[in-house]
Amino acid sequence: MICLRIGCCLLGLAMVFVAGCSRQDSSAETEASNLKPLAVYYGRYIGAHRGKRPANEKQLKDFIAKRPIAELQMMGVHDVEALFISSRDNQPYRFRFQSGASKPNEIEVFAWEQVGAGGVRYVAGTLGQVVAADEERFRQLVPNP
């Protein structure tokens with residue numbers, strides 16, 4: 001009887017551990033995507049330009065290309081052009097550079113994968129967050145892609 005209780009406890013702990021790891025892995029995957037440094041540099045652009053957003057992809061790309069090489073390497077950026085391509089679907093990211101109205105508690109999206117992988121697209125918000133969104137969630141976050 002005691003062995004059964006211990007076994008159930010261990011199984012429960014293992015399930016919690018596995019569930020926590022899968023969430024962590026998902027977060028690690030979004031953090032490792034090209035969108036993360038892109039989102040960080042988007043925020044740095046706004047900070048360097050007194051709150052003004054880049055007008056287009058070229059302005060953001062030029063800003064990133066002028067960053068010190070050591071900084072780019074620290075961010076994992078080895079090729080600025082490649083930064084604008086999703087490593088998951090090999091398509092250029094899509095962008096929204098003007099302010100988009102977002103609902104309270106929603107991220108304001110500025111970039112997203114065109115296709116994504118496995119029914120999931122990565123989406124980047126203006127505050128540097130990157131989230132994995134299934135098609136329904138994607139349509140909520142990016143209603144008119």
Side-chain angles (χ1 to χ4, degrees), residues 6-145:
I6 292 172
C8 287
C9 287
L10 289 175
L11 180 61
L13 287 172
M15 290 174 70
V16 168
F17 177 76
V18 169
C21 286
S22 68
R23 269 187 250 116
Q24 204 170 32
D25 289 347
S26 177
S27 177
E29 289 172 11
T30 58
E31 294 293 310
S33 75
N34 287 350
L35 269 181
K36 186 59 181 182
L38 202 54
V40 169
Y41 280 118
Y42 182 88
R44 288 183 182 176
Y45 180 98
I46 291 172
H49 293 87
R50 296 184 169 162
K52 186 178 177 190
R53 300 166 187 254
N56 53 47
E57 187 176 330
K58 182 178 180 345
Q59 281 187 349
L60 181 58
K61 199 176 286 187
D62 289 348
F63 174 78
I64 296 169
K66 291 177 184 172
R67 307 308 303 162
I69 291 174
E71 177 187 311
L72 291 169
Q73 289 175 340
M74 189 172 69
M75 293 288 293
V77 177
H78 304 289
D79 178 0
V80 175
E81 291 295 325
L83 186 61
F84 286 75
I85 307 289
S86 168
S87 59
R88 292 173 7 107
D89 64 14
N90 296 314
Q91 299 291 315
Y93 290 115
R94 294 290 177 123
F95 294 93
R96 176 177 292 147
F97 288 102
Q98 16 346 21
S99 177
S102 57
K103 298 175 187 172
N105 300 323
E106 289 285 353
I107 67 171
E108 185 178 348
V109 174
F110 84 93
W112 60 90
E113 290 179 312
Q114 288 189 48
V115 178
V120 174
R121 296 193 218 190
Y122 289 171
V123 175
T126 57
L127 298 178
Q129 66 276 57
V130 177
V131 297
D134 62 17
E135 195 59 31
E136 181 181 340
R137 181 80 172 123
F138 176 76
R139 293 286 172 209
Q140 292 170 349
L141 294 172
V142 187
N144 301 310

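In what follows, every heavy atom counts, from backbone to side chain, and hydrogens, waters and symmetry copies are set aside. These figures come from a predicted structure and were not determined experimentally.
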E81: what forms a salt bridge (Lys or Arg N to Asp or Glu O under 4.0 Å) with it, not counting sequence neighbours?
K61
Is V77 close to N34 at the side-chain level, that is, under 4.5 Å between some pair of heavy atoms?
no
Hits for side-chain contact (heavy atoms from CB on, under 4.5 Å) against Q91, two or more places apart or cross-chain, chain-then-number order -> D89, Q114, V115
What residues form a ring pair (Phe, Tyr, Trp, His ring centres under 6.0 Å) with F110, not counting sequence neighbours?
Y42
Kindly state whether the ring of Y122 and the ring of Y93 have centres lying under 6.0 angstrom apart.
no
Selection residues 38-50 - residue pairs positive for salt bridge (charged side-chain N to carboxylate O under 4.0 Å, His left out), sequence neighbours left out:
R44-E71
Are R121 and F138 in a cation-pi contact, defined as NZ or CZ under 6.0 Å from the six-membered ring centre and within 45° of the axis?
yes
Atom pair OG/CZ of S86 and R94 - distance to nearest 0.5 Å:
12.5 Å
I'd like to check the ring pair (Phe, Tyr, Trp, His ring centres under 6.0 Å) partners of Y45; sequence neighbours left out, ordered by chain and number.
H49, F63
Please step through side chain to side chain contact (heavy atoms under 4.5 Å, CB included) for the pair L72 and Y41, ending with a clear verdict.
CA-CA 10 Å; L72 291 169; Y41 280 118; 3.5 Å; yes
Can you find a heavy atom in the side chain of F97 that is under 4.5 Å from one in the side chain of Q59?
no
Please name all residues satisfying side-chain contact (heavy atoms from CB on, under 4.5 Å) with M74, sequence neighbours left out, ordered by chain then number.
none
Hey, does L38 have a side-chain heavy atom less than 4.5 Å from the side chain of F95?
yes
Do the side chain of K36 and the main chain of M75 share a donor and acceptor less than 3.5 angstrom apart?
no
So do the side chains of F84 and I64 get within less than 4.5 Å of each other, counting heavy atoms only?
yes
Closest non-hydrogen atom pair, V80 against A65:
CG2-CA, 4.0 Å
Please report the closest heavy-atom contact between R96 and V142, naming both atoms and the distance.
NH2-CG1, 3.8 Å
For D62, all residues meeting salt bridge (Lys or Arg N to Asp or Glu O under 4.0 Å), sequence neighbours excluded
K58
Roughly how far, to the nearest 0.5 Å, is NE2 of H78 from CG of L83?
11.0 Å
Of all heavy-atom pairs linking A39 and G125, the shortest is CB-O, 4.2 Å
K66: partners by salt bridge (Lys or Arg N to Asp or Glu O under 4.0 Å), with sequence neighbours left out:
none
Mind checking whether I107 and L127 have side chains closer than 4.5 Å, heavy atoms only?
no
Provide the closest heavy-atom pair for R88 versus V120 in the form atom of the first, atom of the second, distance.
NH2-O, 2.6 Å
So which atom in P92 and which in I85 form the shortest heavy-atom distance, rounded to 0.1 Å?
CA-CD1, 3.8 Å
